[in-house]
Chemist: 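Let me give you the structure first, and then I'll get to my questions.
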Amino acid sequence: MTSPEQSSDWKDLELERLYLDFTEEHLNPLWTQLGDLMPMTPTSKAMPFVWRWSRLYPLAARAGDLVPVGRGGERRAIALANPGLGGLPYATPTLWAAIQYLGPKEVAPEHRHSQNAFRFVVEGEGVWTVVNGDPVAMRRGDFLLTPGWHFHGHHNETNQPMAWLDGLDIPFAHHIDTGFFEFGSDAVTDDSTPDISRSERLWVHPGLRPLVGLDASASSPIAAYRWEHTDRALAEQLALEDEGYPATIEPGHAAVRYSNPTTGGDVMPTIRAEFHRLREGTRTRTRRDVGSAIYQVFEGAGRIHLGDDVHTVHKGDLFTVPSWTPLSIESQSSLDLFVFSDAPIMERLHLARSLVVEGA
Ligand code: GTQ
Ligand code: FE2
């Protein structure tokens, strides 16, 4: 007869042996990892985090002095590395965000990749990005597209440097192994400097679609969404609100989404982009969303209630909102914000969820 004590010793030994044999056979029991793998609500490793423009820009300028741009490195882009993601150049689990810097008369050579990309300009001008041979001027407030597999190169025509925000779905493409890349021309295929692109001349006339472009396309054919249109749309929402018409998503909060005119949906298959304007002294409802987002302050100052913390942000500052993190934005002046997210992925896969937190 074994005593109860002896039998429990025997069981411990057997259990230890079982786990060793699991490891040997490359097996992993669910019961030791369930909490992390199947949480009650999303528990992102990404952290809410703020990067200051006042720190980013001088660092980019130093890189401009020391690091050549050209074939090989391809881009003088400095990626935001979320401190929760192990030092990888990922702003969130799905999205890349970088500050790219091009010195006077510099040229970034052409290439293409399956990853979708955009540029957003918080200050400066003088660079043309050439997208599939179409030169597109970059100016403050403009939102510019480089959808997947479009050739693109950038050239600075001025004697001033220029820096801007790049957003791409690089981390998502890396997780799911969908990356393809090809080099293009060493210079840019068209170094002319038109005020507006051929794409805009064809596509940007309110409510009008060219009959040569009636097929739905996966990404928007509009190469540049200009600040004058964004600004006017937001100003009109607030003016209409003043006149008593319902035009804002909540009091004092105007917002637009950049859209693909061939579908009415998001500009690219993996990336949503929007622009928000809060009147001075407005606080948005606290909300949580599945998926991750990155904001950049375009103008003004505000207090960002993000997770358990509050951050004061100014022009150019960037912050990440990991999946399901509570977010409320409070304006201390009129506050303009650019934001991009992976919402199209979540919606297409029927994974999108939102919650407006009552009473917050
Ligand atoms: O401008 O082509 O920030 O390919 C990362 C990858 C920018 C670009 C980035 C890129 C680019
Ligand atoms: Fe690129």
Side-chain angles (χ1 to χ4, degrees), residues 44 46-64 76-85 89-92 95-101 118-125 138-144 161-168 227 230-231 234 252-256 258 271-284 286-287 289 292-322 325-342:
S44 186
M47 287 167 46
F49 197 77
V50 181
W51 287 263
R52 304 283 171 194
W53 191 247
S54 62
R55 298 226 177 246
L56 290 174
Y57 190 91
L59 287 165
R62 281 165 62 190
R76 195 185 292 110
I78 304 150
L80 308 187
N82 190 294
L85 297 177
Y90 299 169
T92 78
L95 297 170
W96 165 283
I99 176 171
Q100 183 168 166
Y101 185 93
F118 72 79
R119 336 272 156 208
F120 178 73
V121 183
V122 74
E123 63 186 22
E125 59 182 32
M138 299 174 68
R139 293 181 285 256
R140 170 164 159 83
D142 294 346
F143 170 65
L144 310 114
M162 183 179 169
W164 62 88
L165 172 69
D166 290 323
L168 294 94
W227 173 240
T230 309
D231 184 36
L234 295 163
H253 180 179
V256 290
Y258 298 99
I271 297 176
R272 168 167 297 169
E274 296 177 346
F275 203 103
H276 293 248
R277 174 171 293 170
L278 302 185
R279 288 185 204 275
E280 180 174 350
T282 302
R283 179 160 176 185
T284 67
T286 301
R287 52 178 299 149
D289 291 284
S292 54
I294 299 155
Y295 283 74
Q296 185 172 36
V297 177
F298 182 69
E299 192 67 72
R303 281 155 50 84
I304 309 303
H305 303 256
L306 183 59
D308 296 328
D309 297 316
V310 183
H311 308 273
T312 300
V313 291
H314 298 96
K315 178 175 166 180
D317 292 351
L318 291 137
F319 59 93
T320 47
V321 185
T325 308
L327 169 69
S328 165
I329 302 172
E330 199 185 341
S331 55
Q332 296 173 306
S333 61
S334 173
L335 180 62
D336 278 1
L337 294 154
F338 171 79
V339 54
F340 69 105
S341 76
D342 57 11

Chemist: I need the minimum non-hydrogen distance between T286 and P326, along with the two atoms involved.
Modeler: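 Taking T286 first and P326 second, the nearest heavy atoms are CG2-CB, 3.8 Å.
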
Chemist: Per the side-chain contact (heavy atoms from CB on, under 4.5 Å) rule, which among D309, D308, I304 passes with L306?
Modeler: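 With L306 as partner, D309, D308, I304 yield a single side-chain contact (heavy atoms from CB on, under 4.5 Å), made by I304.
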
Chemist: So that I can tick it off, tell me whether D231 and R277 are bridged by a salt bridge, with the cut-off set at under 4.0 angstrom between side-chain N and carboxylate O.
Modeler: yes

Chemist: Start with the C-alpha distance between Q296 and W53, add both sets of side-chain angles, then the distance that settles side-chain hydrogen bond (donor to acceptor under 3.5 Å, both in side chains), and finish with yes or no.
Modeler: CA-CA 9 Å; Q296 185 172 36; W53 191 247; over 6 Å; no

Chemist: Decide yes or no on side-chain contact (heavy atoms from CB on, under 4.5 Å) for L327 and F319, but give the supporting numbers first.
Modeler: CA-CA 11 Å; L327 169 69; F319 59 93; 4.2 Å; yes

Chemist: Distance from L95 atom CG to I271 atom CD1, nearest 0.5 Å?
Modeler: 6.0 Å

Chemist: Between V339 and A293, which heavy-atom pair has the shortest distance, and what is it?
Modeler: CG2-CB, 4.1 Å

Chemist: Is it true that atom CZ of R140 has more than 12 heavy atoms of other residues, nucleotides or ligands lying nearer than 6.0 Å?
Modeler: yes

Chemist: With heavy-atom distances below 4.5 Å as the criterion, would you say the side chains of Q332 and E280 are in contact?
Modeler: no

Chemist: To the nearest 0.5 Å, what is the distance between NE2 on H253 and OG on S331?
Modeler: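 With rounding to 0.5 Å, NE2 (H253) is 10.0 Å from OG (S331).
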
Chemist: Decide if the gap between the ring center of F338 and the ring center of F120 is smaller than 6.0 angstrom.
Modeler: yes

Chemist: Which is it for W164 and L144 under the side-chain contact (heavy atoms from CB on, under 4.5 Å) test, yes or no, and what are the steps along the way?
Modeler: CA-CA 11 Å; W164 62 88; L144 310 114; over 6 Å; no

Chemist: Is it true that F340 and F118 have ring centroids separated by less than 6.0 Å?
Modeler: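 Aromatic pair counts; centres sit under 6.0 Å.
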
Chemist: Looking at W227 versus F298, is the centre-to-centre ring distance below 6.0 Å?
Modeler: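 W227 vs F298: aromatic centres under 6.0 Å.
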
Chemist: How close do P161 and Y101 get, heavy atom to heavy atom, and via which atoms?
Modeler: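 Residues P161 and Y101, closest heavy atoms: CB-OH, 3.1 Å.
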
Chemist: Say you draw a straight line from CD1 of I99 to CG of L80; how long is it, rounded to the nearest 0.5 Å?
Modeler: 9.0 Å

Chemist: Minimum heavy-atom separation for A63 to R76, with atom names?
Modeler: O-NE, 3.5 Å

Chemist: Tell me, do H311 and R303 make a side-chain contact under 4.5 Å, heavy atoms counted?
Modeler: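 No, side chains not in contact.
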
Chemist: Identify the heavy atoms of S333 and G300 that sit nearest to each other, and give their distance.
Modeler: OG-CA, 3.3 Å

Chemist: Has the side chain of D342 got a donor or acceptor atom that lies under 3.5 Å from a matching backbone atom of S292?
Modeler: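 Yes, the answer is positive, given that a donor and an acceptor are paired below the 3.5 Å cut-off.
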
Chemist: Nearest 0.5 Å, please: how far is CH2 in W51 from CD1 in I294?
Modeler: 7.5 Å

Chemist: Quick check against the 3.5 Å criterion: does T320 have a side-chain atom that pairs as donor or acceptor with the backbone of F49?
Modeler: yes

Chemist: Would you give the length of the straight line joining atom CZ of R287 to atom CD1 of I329, rounded to the nearest 0.5 angstrom?
Modeler: 10.5 Å

Chemist: Search all heavy atoms of A98 against all heavy atoms of A79 and return the closest pair with its distance.
Modeler: CB-CA, 3.8 Å

Chemist: Given side-chain contact (heavy atoms from CB on, under 4.5 Å), test F143 with T230 step by step and report yes or no.
Modeler: CA-CA 10 Å; F143 170 65; T230 309; over 6 Å; no

Chemist: Roughly how far, to the nearest 0.5 Å, is NE2 of H314 from CG of L335?
Modeler: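 Here the rounded value is 10.0 Å.
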
Chemist: E274 versus V256: any side-chain heavy-atom pair under 4.5 Å?
Modeler: no

Chemist: Are R139 and V121 close enough, and set up right, to give a side-chain contact (heavy atoms from CB on, under 4.5 Å), and what steps lead you there?
Modeler: CA-CA 6 Å; R139 293 181 285 256; V121 183; 5.8 Å; no

Chemist: Side chains of R283 and S328: donor-acceptor distance under 3.5 Å anywhere?
Modeler: yes

Chemist: With the side chain counted from C-beta on, respond yes when K315 and E123 share a heavy-atom pair under 4.5 Å apart, and no when they do not.
Modeler: yes

Chemist: What do you reckon, is CZ of R52 surrounded by more than 12 foreign heavy atoms closer than 6.0 Å?
Modeler: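 Yes, because the 6.0 Å sphere around CZ of R52 holds more than 12 heavy atoms from other groups.
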
